[in-house]
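Report on one structure; see the data block that follows.
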Amino acid sequence: MNRPTLRAPLALALGGLLIAGALSPATAAGRDRPTPPKPSRTEALRDAEEQAAEHPAAVRAGDHDTFRSRSVLLDKDGSRHVHLDRSYRGLPVIGGDVVVHSAPDGGLRDTDLTLKHKLSLPTKARVTARQAESKAESLFKGTRSETESALVIDAVSTATPRLAWQVKVHGTAKDQSPSHLNVLVDAKKGSAGLTWDDFHTASGSGHGYQTGDVSLSTTAVSGGYQLKDPSRGNGETRDAMNQRVPGDGDIPAGWGSALTDSDNVWGNGSLSDRATVAVDAHYGIQATWDYFKNEHNRNGIADDGVGARSFVHYGENYGNAGWDTEGFAMYYGDGDAGQKPFTQIDIAGHEMSHGVTQSTADLIYAGESGGLNEATSDIFGTLVEFNTDNPADRPDYLIGEKLSSDGQPLRYMDKPSQDGRGSQDCWTSNTKNLNPHYSSGVGNHFFYLLAVGSGTSAWGNSPTCNSSTVSGIGNSASGAIWYRALTTYMTADTTYSEARSATIKAATDLYGASSAQCATVEKAWSAVSVAPTSTTCSTTPSNGSNLLSNPGFESGNTGWDASSNVITDDSDRSARSGRFYAWLNGYGSTHTDTLSQTVSVPSTAQAPKLSFYLSISTEESGSTAYDTLKVRATAGSRTSTLAGYSNTSPSGYTLRTLDLSAFKGKTVTIKFTGTEDGSAATHFLIDDTAVTAG
């Protein structure tokens with residue numbers, strides 16, 4: 001519906017209000033501009049499902065494919081990233097999930113998936129469920145308690161998708177761990193395909209440690225306090241009383257014993273008090289929650305505000321710790337006879353990060369995706385340890401270094417092969433065949449190089465696989481890149497090559513395609529022998545050296561002449577890269593904003609160009625250009641309008657390239673002018689500008 005045509009009286013009325021004493025938009029505190037409502041999760045899901053239906057080729061979909069949401073991520077600018085699980089003729093497709101990336105207006109931008117072709121196969125099984133279950137049970141090592149099976153499409157075991165039985169054998173492994181062995185059994189031939197376990201352990205045995213004197217968040221109950229954290233989703237630590245949960249993974253209500261204390265002072269620093277270990281575990285819940293909340297704005301392991309459960313004193317002399325995907329809970333053993341419990345901070349962060357992976361990309365725990373799953377937990381476990389900076393366990397890039405009496409860690413991130421167990425420093429064609437605890441070495445080594453760099457440092461000595469030199473970008477940027485790649489671009493069967501593409505996309509989103517962060521991502525992957533893909537960083541938005549000063553606005557107004565509050569890091573909108581960007585208009589009242597810089601274009605320039613990324617969002621409707629952005633170039637008395645944009649063509653950040661050939665050999669002022677009428681806001685965001693000689 002078009003807007004009313006009687007616009008002048010409305011503008012006059014607004015003008016009268018301003019004269020009467022209201023602050024003008026330019027002088028109001030902060031930006032104080034109306035913010036268009038962001039899409040709800042329901043709207044984002046609806047739009048993603050519509051895009052999947054309208055663009056079947058983009059999601060490799062045929063007539064018999066349906067999709068159901070797994071997770072929804074909304075960016076500050078309204079962009080949406082919806083993770084969909086696929087079914088074919090009503091059967092779940094293992095490895096068929098897809099991430100649909102949509103613009104703020106809901107239009108399709110891109111997709112990420114590992115399925116190569118649309119599905120076309122029969123869905124009638126020749127092998128019976130019982131035959132498949134028998135095959136899977138023969139692979140189970142331990143004490144079985146229950147077996148279940150369901151028909152699925154297996155798109156991960158072989159290059160050609162096939163009908164399969166997904167058999168889950170529940171029970172207890174020989175080391176007392178809960179076990180949920182998944183086996184994909186060919187429904188035509190009866191052969192076993194991919195296998196993995198939904199219980200993820202630290203993969204080692206050794207000594208535990210204490211976290212020292214720490215603060216704990218507890219809940220007041222009748223007669224004292226309970227070890228339940230009301231500020232972190234009621235995350236609770238309970239005493240397993242040296243029992244084991246049923247092997248089917250279902251934790252009975254009230255299982256274990258609630259831990260209570262009359263004076264809210266827990267443990268005595270020694271193993272003579274059962275609550276001492278509970279202090280460590282409860283502190284681990286807090287540390288992990290706080291890291292993901294503070295660094296990634298994630299509200300709990302599943303991002304649903306619900307705290308994790310931890311069970312200490314699990315089993316008899318159980319020498320391990322682990323995250324149970326089926327029960328969505330942590331278990332800590334007391335260690336083998338004479339050893340200490342497995343309650344180190346990075347182990348807690350590691351195991352609970354398996355839950356984050358489960359709730360996002362859900363990387364299959366086998367092949368290269370299994371290595372990425374395990375590396376993700378090592379990465380976030382390490383970052384939890386750094387974020388906590390506990391004096392009793394100083395942060396480092398070693399995994400489980402306090403579990404062993406000889407001080408040897410389970411894994412080394414600087415040079416994974418130091419563990420002597422087969423962890424890889426460099427990717428090879430055999431990586432996919434390794435246990436995830438060893439194929440994770442490629443991801444761990446990549447992250448260390450990205451965060452710290454190559455060579456010798458206080459944290460270790462990290463060689464590269466291609467004899468290159470890598471300068472690290474720090475934990476914060478590296479963690480942000482990995483988290484966005486995991487939650488936004490990775491799918492269940494992501495390989496290391498695809499992880500390279502995912503992290504480049506993530507670095508581009510966060511810091512820009514021409515940023516040092518993105519370039520270092522590429523260098524670090526090459527340094528662990530993961531070859532380049534078609535997804536790459538770029539040096540500048542267009543060819544040649546950038547002649548503009550402070551082109552990404554990261555130094556504030558330096559180099560630019562701009563209206564008040566135009567160059568900003570306001571969190572109501574977001575930069576394309578870095579923190580700062582230029583925000584013109586968006587007040588919903590009569591207003592003009594300008595942004596300009598003067599630059600000299602060489603006479604020898606072959607094809608000089610102005611380029612920039614522009615995002616437009618609006619509350620206007622219809623096809624009338626009520627609010628406009630003009631781009632002009634002025635040299636002496638000559639002014640040329642290079643381009644014009646308006647509320648009629650909203651879009652996310654899009655590269656715009658304009659010709660400056662008429663200004664060779666001249667000093668030219670590039671000026672952006674945003675003009676807004678009397679109502680309905682339009683926001684023009686500019687970032688990553690460049691003037692190049694070509």
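You'll find the ring centres of Phe342 and Tyr332 outside the 6.0 Å limit. Between Phe380 and Trp323, the distance from one ring center to the other does not fall under 6.0 angstrom.
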message: If you apply the rule ring pair (Phe, Tyr, Trp, His ring centres under 6.0 Å), what do you find for Tyr291 with His296, and how did you get there?
response: CA-CA 8 Å; Tyr291 166 74; His296 307 300; 5.1 Å; yes
task: Let me see the working for Asp75 and Arg484 under salt bridge (Lys or Arg N to Asp or Glu O under 4.0 Å), right down to the final yes or no.
output: CA-CA 11 Å; Asp75 289 344; Arg484 184 164 180 84; 2.9 Å; yes
message: Pair His313, Asp334 - check side chain to side chain donor-acceptor pair (under 3.5 Å), show working.
response: CA-CA 6 Å; His313 302 299; Asp334 290 331; 2.9 Å; yes
query: Given Asn466 and Ser468, is the side chain to side chain donor-acceptor pair (under 3.5 Å) satisfied, shown in steps?
result: CA-CA 5 Å; Asn466 60 355; Ser468 65; 2.6 Å; yes
- request: Tell me, with the steps shown, if Asp290 and Asn387 meet side chain to side chain donor-acceptor pair (under 3.5 Å).
  value: CA-CA 9 Å; Asp290 290 350; Asn387 189 65; over 6 Å; no
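Side-chain contact of Asp324 with His180: a donor-acceptor pair under 3.5 Å is present, judged by distance alone. With no hydrogens or angles considered, no side-chain donor-acceptor pair links Ser515 and Ser577 at under 3.5 Å. In the model, Tyr365 has no side-chain atom that pairs as donor or acceptor with a side-chain atom of Thr357 under 3.5 Å. Checked by atom type, the side-chain pair Ser462/His445 shows a donor-acceptor distance below 3.5 Å. Donor-acceptor pairing under 3.5 Å is lacking for the side chains of Arg298 and Thr487. In this model, no donor atom of one side chain and acceptor atom of the other lie less than 3.5 Å apart for Thr114 and Glu498. Asn433 and Asn430 share a donor-acceptor pair across their side chains, judged by distance under 3.5 Å alone. Side-chain polar atoms of His170 and Ser145 form no donor-acceptor pair below 3.5 angstrom. Between the side chains of Asn475 and Tyr397, at least one donor-acceptor pair of N or O atoms lies under 3.5 Å.
A distance-only check finds a donor-acceptor pair linking the side chain of Arg60 to the backbone of Lys116 [under 3.5 Å]. Distance alone, capped at 3.5 Å, places no donor-acceptor pair between the Ser377 side chain and the Glu374 backbone. The backbone N or O of Ser526 lies less than 3.5 Å from no partner atom in the side chain of Ser529, so there is not a single donor-acceptor pair. For Asp414 (side chain) and Asn461 (main-chain N/O), a donor-acceptor pair under 3.5 Å exists by modelled atom type. Remark: side-chain polar atoms of Arg70 are paired, donor with acceptor, to backbone N or O of Thr360 under 3.5 angstrom.
The shortest side-chain heavy-atom distance between Gln358 and Phe328 falls under the 4.5 Å cut-off. For the pair His81 and Asp112, the minimum side-chain heavy-atom distance is 4.5 Å or more.
Screening Glu146, Glu148, Glu326 against Lys168 for a salt bridge (Lys or Arg N to Asp or Glu O under 4.0 Å) leaves a single residue, Glu326.
Other residues, nucleotides and ligands place no more than 12 heavy atoms under 6.0 Å from the NZ atom of Lys189.
Electrostatic pairing of Asp425 and Lys415 does not count as a salt bridge here, judged by no charged N lying under 4.0 Å from a carboxylate O. A salt bridge between Arg144 and Glu133 is absent, with no side-chain N of the basic residue lying under 4.0 Å from a carboxylate O of the acidic one. A salt bridge is defined here as a Lys NZ or Arg NE, NH1 or NH2 lying under 4.0 Å from an Asp or Glu carboxylate O, and Arg232 with Asp229 meets this definition. We find that Asp186 and Lys135 are not joined by a salt bridge, their nearest charged nitrogen and carboxylate oxygen being 4.0 Å or further apart. Using a 4.0 Å cut-off between a side-chain N of Lys or Arg and a carboxylate O of Asp or Glu, Arg576 and Asp509 do not qualify as a salt bridge.
Residue Gln517 comes nearest to Ala477 through the heavy atom pair CG-CB, 4.4 Å, listed as atom of the first residue, atom of the second, then distance. Among all heavy-atom pairs drawn from Arg421 and Pro409, the shortest one is NH1-O, 3.9 Å. A pairwise comparison of heavy atoms in Ser439 and Thr431 identifies CB-O, 3.5 Å as the closest pair. Between Ser71 and Ser359, the closest heavy-atom pair is CB-O, 4.1 Å.
Between Phe292 and Tyr483, the angle of the ring planes lies from 30° to 60°, which puts this pair in the tilted group. Note on ring orientation: taking the six-membered ring where Trp is involved, the planes of Phe447 and Trp482 are perpendicular (angle over 60°, cut-offs 30° and 60°). Ring planes of His101 and Tyr489: tilted class, angle from 30 to 60°.
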